[in-house]
Every structure is written in structure tokens, then in C-alpha cells.
Protein chains: 2
Amino acid sequence: MKNSIKVQRAIHDMTQADLAQAIGVSRQTINAMEKNKYVPSTVLSLKIAKLFKKPLEEIFFLEETD
Amino acid sequence: MKNSIKVQRAIHDMTQADLAQAIGVSRQTINAMEKNKYVPSTVLSLKIAKLFKKPLEEIFFLEETD
DNA sequence: TCTAAATGTAAAGTTTGTTTTACTTTTGTG
DNA sequence: CACAAAAGTAAAACAAACTTTACATTTAGA
């Protein structure tokens with residue numbers, strides 16, 4: 001799975017730390033997500049989509065390998 | 001987080017086992033999700049939304065406590 | 001009612017998400 | 001350049017997702 005969190009952060013002018021605090025996770029969790037180190041839980045992705053006011057599917061994308 | 005997987009299964013006339021096989025998890029995983037035993041990964045929820053041809057937010061909902 | 005299919009549940013084990021701490025590297029701005 | 005903020009990274013520890021096996025309960029149909 002891939003995501004466009006970094007782009008959304010740029011649009012909203014937020015740092016990784018800002019986003020982390022806004023949704024209640026550690027900064028490393030945001031960083032790892034952006035670097036595709038792991039797949040976040042659905043609660044996390046829903047919170048991020050909600051914060052950025054976008055459908056979840058516009059931020060998180062399935063890949064062939066998923 | 002809550003979800004309407006059971007309703008979607010009914011609409012598509014699928015058993016828990018059918019759905020499990022369709023998205024590549026165990027039947028117990030589907031059962032546990034329906035009973036809100038745990039929060040699925042974003043890959044799982046995306047696959048389910050895709051299978052049922054619905055926006056993810058129409059199947060998985062954040063709650064106050066999330 | 002009898003039976004089979006479907007669902008619910010539970011425990012043990014493995015894998016993966018997430019946190020914490022801490023340090024390095026990059027980037028932007030004076 | 002110099003400094004600070006932001007981003008990248010890494011390892012250990014813990015929490016949660018997911019599997020497997022196995023069995024009990026419910027539901028639907030002959």
C-alpha cells in the first residue's frame with residue numbers, strides 16, 4: 001500500500017510532528033508511514049483522511065502486491 | 001471503530017468464509033472484525049471496500065472513543 | 001425434527017504495528 | 001556559513017492484528 005500523506009501535509013503546511021499530535025500518535029509513526037515502513041490501522045487512516053477532509057481512497061492506495 | 005461488513009455480506013449474499021477467501025484472510029478474522037474484536041489494517045479495509053464497491057467510509061466508521 | 005452449513009468463541013502462537021529514546025542528516029533561513 | 005527546525009533512522013520493548021486448530025451454538029432447509 002502507498003499513501004500521499006506527505007503531499008497532504010504540504011498542502012496543509014504541517015510537519016510530521018504536527019500531524020502526529022493532531023491524530024494522537026508518535027512522530028516516528030508518521031515518518032514510518034510516509035516511508036512505507038508499515039501499514040497503518042484503519043482507525044489511523046480514517047483519522048488522517050478526516051483531518052485532511054479527503055476520502056480515504058484519495059490518500060491510501062492498494063498496490064498489486066497487497 | 002464500527003463497521004457494516006455483515007450488512008454488506010448480506011447484500012452480496014456471501015458467508016464469512018466467502019468473504020475471507022475473497023480477500024485472503026481467515027474466517028475468524030472476518031468474524032472478529034464483525035464482532036468488533038479488533039481494528040483491521042488499512043489494506044484489509046481497503047480490500048473489503050473495493051470488493052463491495054463502496055467508499056471505505058461507508059463501511060468503516062470512527063467512534064468517539066477512537 | 002434432523003442434519004448440514006454458518007456463525008460464534010477461545011487459546012496459543014506468530015507477525016506486525018506503535019512507542020520510546022536517542023542520534024544523524026537534511027533543509028531552510030538569518 | 002551557522003544555527004534551528006524538520007526529517008530520517010534504528011533498536012528495544014510492548015500492544016495489537018492475524019492465523020491455526022478446535023469445538024460449541026445457531027440457523028435454515030429437507
Side-chain angles (χ1 to χ4, degrees):
Chain A
M1 196 190 69
K2 294 205 299 186
N3 68 77
S4 60
I5 295 175
K6 190 170 185 173
V7 172
Q8 292 299 317
R9 270 200 308 108
I11 292 173
H12 293 263
D13 194 25
M14 297 180 81
T15 67
Q16 292 181 343
D18 290 338
L19 177 55
Q21 191 184 11
I23 64 176
V25 294
S26 69
R27 183 181 65 82
Q28 283 72 1
T29 294
I30 301 297
N31 185 75
M33 286 176 56
E34 290 190 4
K35 306 298 279 183
N36 291 313
K37 293 274 180 60
Y38 60 73
V39 175
S41 75
T42 301
V43 164
L44 255 193
S45 52
L46 277 173
K47 283 183 178 176
I48 291 174
K50 183 180 182 183
L51 180 69
F52 291 143
K53 300 189 174 105
K54 289 266 184 185
L56 193 143
E57 284 92 340
E58 286 185 24
I59 301 179
F60 299 90
F61 324 96
L62 284 178
E63 293 179 288
E64 307 291 338
T65 54
D66 288 328
Chain B
M1 196 191 68
K2 296 206 298 187
N3 68 77
S4 61
I5 295 174
K6 190 169 185 172
V7 173
Q8 292 299 317
R9 273 199 307 108
I11 293 174
H12 293 264
D13 194 24
M14 297 179 80
T15 67
Q16 292 181 343
D18 289 337
L19 177 55
Q21 191 183 13
I23 65 176
V25 294
S26 70
R27 181 181 67 81
Q28 283 74 0
T29 294
I30 300 297
N31 186 76
M33 286 176 56
E34 289 191 6
K35 306 299 277 185
N36 291 313
K37 292 274 181 60
Y38 61 73
V39 175
S41 74
T42 302
V43 164
L44 254 193
S45 53
L46 277 173
K47 283 183 179 178
I48 290 174
K50 183 180 182 184
L51 180 69
F52 291 144
K53 300 192 174 104
K54 288 266 185 187
L56 193 143
E57 283 92 340
E58 286 185 25
I59 303 179
F60 299 89
F61 326 95
L62 283 177
E63 295 178 288
E64 307 291 339
T65 53
D66 288 327

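To the nearest 0.5 angstrom, A/Ile5 atom CD1 is 12.5 Å from A/Lys35 atom NZ. Interatomic distance, A/Lys2 NZ to A/Phe61 CZ, rounded to the nearest 0.5 Å: 8.0 Å.
Going from atom CG of B/Asn36 over to atom P of D/dA17 covers 11 Å, rounded to whole Å. Going from atom NZ of A/Lys37 over to atom C1' of D/dA11 covers 12 Å, rounded to whole Å. Put simply, CZ on A/Arg27 is 12 Å from C1' on C/dT25, counting in whole angstrom units. Counting to the nearest Å, the P atom of C/dT26 and the NZ atom of A/Lys6 are 13 Å from each other. At whole-Å resolution of the value, CZ in A/Arg9 and C1' in D/dG8 are 12 Å apart. The separation between A/Gln16 atom CD and C/dT26 atom P is 15 Å, rounded to whole Å. A straight line from CG of B/Asp13 to P of D/dT27 spans 18 Å, rounded to a whole angstrom. Rounded to whole angstrom, the span from the CD1 atom of B/Ile5 across to the P atom of C/dA6 amounts to 18 Å.
Side-chain N/O atoms of B/Ser26 include one lying less than 4.0 angstrom from OP1 or OP2 on D/dT19.
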Q: Applying side-chain hydrogen bond (donor to acceptor under 3.5 Å, both in side chains), run through A/Ser26 and A/Thr29 and close with a yes or a no.
A: CA-CA 5 Å; A/Ser26 69; A/Thr29 294; 2.9 Å; yes
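Nearest-nucleotide positions on DNA chain D for B/Ser41 and A/Lys35 put A/Lys35 closer to the 5' end.
Counting only heavy atoms from C-beta on, B/Asn31 has its side chain closest to C/dT7 among C/dT7, D/dT9, D/dG8.
A donor N or O paired with an acceptor N or O is not found under 3.5 Å between the base of C/dT7 and the side-chain atoms of B/Gln28.
Contact annotation for A/Thr15: backbone-only contact, meaning every heavy-atom pair under 4.0 Å involves sugar-phosphate atoms and none involves a base.
The local environment of CD in B/Glu58 is crowded, with over 12 non-hydrogen atoms from other residues, nucleotides or ligands closer than 6.0 Å.
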